[in-house]
Amino acid sequence: MPELPEVESVVRDLHRAGLVGREIQELTVRWPRTLDRPSVEEARVRLRGARIADVRRRGKFIILDLSTGESLLVHLRMTGQIDLQLASREPDPHHHLLLALDHGEELRFRDTRKFGRFYLVAHPDEIVGDLGPEPIDPAFTLEQFRTMMRGRRGTIKPLLLNQSFVAGLGNIYVDEALFRAHIHPERRADTLTEQELVVLFGAMRDVLVEGIENRGTTLGEASTNYLSVAGRRGNNKQNLRVFRRTGHPCPDCGTPIERIIVGQRSSHVCPLCQPK
DNA sequence: ATCGCAGCCTGTACGC
DNA sequence: TGCGTACAGGCTGCGA
């Protein structure tokens with residue numbers, strides 16, 4: 001569920017909440033699979049007394065760099081959320097991992113579908129080493145994108161969703177970027193014209209940057225939807241042009257938006273603006 | 001390299 | 001209201 005803009009919003013909110021500098025005093029894991037590695041016993045020993053030196057993002061991962069030199073990585077997957085609450089407050093039944101901090105606070109990981117994962121590692125590259133470039137990093141150039149696309153015989157949408165190709169795009173922002181570039185999601189990557197490539201590169205960045213400016217996309221009211229720290233909603237839904245807008249008029253030509261399946265993922269397209 | 005599928009989980013929406 | 005079904009924004013491992 002959370003993609004690059006949502007994860008970026010969580011990281012910014014954690015900074016705002018003053019997470020950097022805080023001390024981790026205890027780890028509690030209530031759903032064992034939430035901690036991918038190491039074992040709970042091992043992690044408790046290594047986390048106790050560590051301070052949070054920095055909070056940053058790589059792709060869809062949140063990285064907590066620790067004073068010990070190690071890093072704690074979090075992937076929210078579909079329904080993961082981070083809460084910062086007083087330890088005295090009763091945790092939610094969906095809080096599966098708790099990090100007791102100083103000042104009587106707790107960082108709590110809430111995740112209805114239980115797909116989210118924590119990784120405590122000596123170096124983040126153990127987890128994020130295979131990720132592709134950051135799409136909104138100024139160091140990521142059109143030239144580089146062009147080279148990466150060369151010779152890719154696969155379908156464009158699954159390729160953009162592949163985190164080792166580019167890091168951070170998910171179903172929402174891929175559909176939005178392809179629509180803005182007027183490219184059908186089933187196009188073969190190496191058949192894009194130079195012009196299409198240029199427009200797609202810009203569209204990809206635009207939808208992500210706008211997503212961040214709007215603090216992410218929260219789709220509905222349900223507890224399974226994206227929320228940032230302390231239940232904060234994102235405002236980017238109003239910015240979506242095709243995603244989950246089946247039957248609504250295309251903002252460019254008025255034709256009803258269609259929902260199709262591409263690479264086993266639901267996809268939203270304007271049949272006129274995005275011809276095959 | 002690329003594709004398709006099962007699996008990991010729970011909640012929600014919708015048709016009857 | 002209840003029941004069955006389909007569906008959900010991610011990712012991994014497997015076989016082809």
Side-chain angles (χ1 to χ4, degrees), chain A residues 1-10 30-37 57-62 73-81 92-97 109-119 126-132 147-179 185-191 207-208 211-212 214-228 233-237 239-247 259-268:
Chain A
M1 147 188 177
E3 308 178 26
L4 189 156
E6 289 72 34
V7 178
E8 180 65 27
S9 301
V10 170
R30 306 160 104 210
W31 181 263
R33 300 183 68 133
T34 303
L35 179 63
D36 183 274
R37 69 187 74 171
R57 179 191 62 75
R58 175 76 173 98
K60 299 176 196 171
F61 286 87
I62 299 165
L73 281 74
V74 188
H75 198 301
L76 305 173
R77 295 283 181 100
M78 300 280 266
T79 54
Q81 300 169 358
D92 190 294
H94 293 301
H95 280 133
H96 303 311
L97 188 148
F109 179 66
R110 183 176 187 280
D111 187 12
T112 46
R113 284 179 74 180
K114 300 178 174 170
F115 289 166
R117 294 289 178 266
F118 278 64
Y119 311 80
E126 289 177 46
I127 305 299
V128 297
D130 290 334
L131 291 183
T147 308
M148 289 162 53
M149 288 290 253
R150 204 165 286 150
R152 302 304 292 235
R153 303 168 56 85
T155 312
I156 187 68
K157 174 160 175 177
L159 182 62
L160 293 175
L161 285 172
N162 180 347
Q163 301 299 298
S164 8
F165 184 72
V166 260
L169 290 166
N171 213 25
I172 298 178
Y173 295 95
V174 165
D175 275 8
E176 291 297 310
L178 288 171
F179 168 73
E186 287 179 305
R187 285 279 299 283
R188 227 177 79 163
D190 60 3
T191 67
V207 296
L208 292 171
I212 293 170
N214 289 322
R215 290 201 226 90
T217 303
T218 300
L219 286 169
E221 296 300 323
S223 71
T224 49
N225 282 298
Y226 164 74
L227 293 174
S228 186
R233 295 175 57 90
N235 299 317
N236 198 55
K237 185 181 174 199
N239 197 32
L240 301 182
R241 312 212 177 149
V242 290
F243 190 81
R244 290 237 192 137
R245 296 188 54 78
T246 311
R259 177 176 172 273
I260 60 175
I261 303 295
V262 181
Q264 299 98 241
R265 310 296 304 280
S266 79
S267 307
H268 308 78

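In what follows, chains are A, B, ... by sequence order, proteins preceding strands, each numbered from 1.
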When you get a sec, tell me which of B:dC8, C:dG10, C:dC7 is the closest nucleotide to the side chain of A:Arg259? C:dC7

Looking for any heavy atom pair under 4.0 Å, which part of the strands does A:Phe243 touch: base, sugar-phosphate only, or nothing? sugar-phosphate

In whole Å, measure the gap between the P atoms of B:dT12 and C:dC11 for me. 23 Å

Could you give the CD-to-C1' distance, from A:Gln264 to C:dG15, as a whole number of Å? 14 Å

May I ask whether A:Phe115 stacks on the base of B:dC8, given the cut-offs of 5.5 Å between ring centres and 30° between planes? yes

Side-chain donor/acceptor contact of A:Asn225 with base of C:dG9 under 3.5 Å: yes

I want to check one thing: is the phosphate of C:dC11, taken as OP1 and OP2, less than 4.0 Å away from some side-chain N or O of A:His75? yes

Between B:dC14 and C:dG9 - P atom distance, rounded Å: 16 Å

Of the options B:dT2, C:dC11, B:dC9, whose atoms approach the side-chain atoms of A:Arg153 most closely? B:dT2

Would you indicate what A:Glu3 reaches in the nucleic acid, counting non-hydrogen atoms under 4.0 angstrom: base, sugar-phosphate, or nothing? sugar-phosphate

When rounded to whole Å, the CG to P distance for the pair A:Leu159 and B:dT2 reads 7 Å

Could you check which of B:dT10, B:dG4, C:dG10 has an atom nearest any side-chain atom of A:Lys114? B:dT10

Give a yes/no answer on whether the side chain of A:His94 brings an N or O atom under 4.0 Å of OP1 or OP2 in B:dG11. yes

To the nearest Å, how far apart are A:Arg265 CZ and C:dT12 P? 13 Å

Under 4.0 Å between a side-chain N/O of A:Arg33 and OP1 or OP2 of B:dC9, yes or no? yes

Check A:Glu176, A:Lys157, A:His268, A:Arg244 against A:Asn171 for a side chain to side chain donor-acceptor pair (under 3.5 Å) and give me the one that passes. A:Lys157

Using whole Å, report how far CE of A:Met78 lies from C1' of C:dA8. 5 Å

Would you mind telling me which of B:dC8, C:dG9, C:dC11 lies closest to the side-chain atoms of A:Ile172? C:dG9

Any strand counts, and the cut-off is 3.5 Å on both contacts for Watson-Crick or G-U wobble. Which nucleotide pairs with C:dT12? B:dA6

Distance criterion of 3.5 Å, no angle test: do you see the side chain of A:Arg244 paired donor-to-acceptor with the base of C:dG9? yes

Picking from C:dC11, C:dG10, B:dC3, the nucleotide nearest the side-chain atoms of A:Gln163 would be C:dC11

Taking atom P in both C:dT5 and B:dC9, what distance in whole Å separates the two? 22 Å

Kindly say if A:Thr155 contacts the phosphate of B:dC3, meaning a side-chain N or O under 4.0 Å from OP1 or OP2. yes

With a 4.5 Å cut-off on side-chain heavy atoms, are A:Arg187 and A:Leu178 touching? no

Considering only side-chain heavy atoms of A:Thr112, which listed nucleotide, B:dT2, C:dA8, B:dG11, is closest? B:dG11

Across all strands, who's sitting opposite C:dG4 as a Watson-Crick or G-U wobble pair, both distances under 3.5 Å? B:dC14

If I take atom CG in residue A:Asp36 and atom P in nucleotide B:dC8, what distance separates them, rounded to the nearest angstrom? 16 Å

Within the modelled atom types, does a donor on one side and an acceptor on the other bring the side chain of A:Arg152 and the base of B:dA1 under 3.5 Å apart? no

A:His96 side chain reached by A:Phe118 side chain, heavy atoms, under 4.5 Å: no

Would you check if the side chain of A:Gln163 reaches a backbone N or O of A:Gly168 as a donor-acceptor pair within less than 3.5 Å? yes

Within less than 4.0 Å of OP1 or OP2 of C:dC11, is there a side-chain N or O belonging to A:Lys60? yes

Are there over 12 heavy-atom neighbours, none belonging to A:Arg153, within less than 6.0 Å of that residue's CZ? no

OP1, OP2 of B:dG11 versus side-chain N and O of A:Thr79: anything below 4.0 Å? no

CD (A:Glu186) and CD1 (A:Ile156) are apart, to the nearest 0.5 Å, by 12.5 Å

Quickly work out the A:Leu73 CG to C:dC11 C1' distance and round it to whole Å. 15 Å

Measure CG/A:Leu240 against C1'/C:dG9 and give the value in whole Å, please. 11 Å

Could you check whether any side-chain heavy atom of A:Ile260 comes within less than 4.5 Å of a side-chain heavy atom of A:Pro185, counting everything from C-beta outward? yes

Rounded to whole angstroms, how far apart are CZ on A:Arg233 and C1' on C:dG9? 15 Å

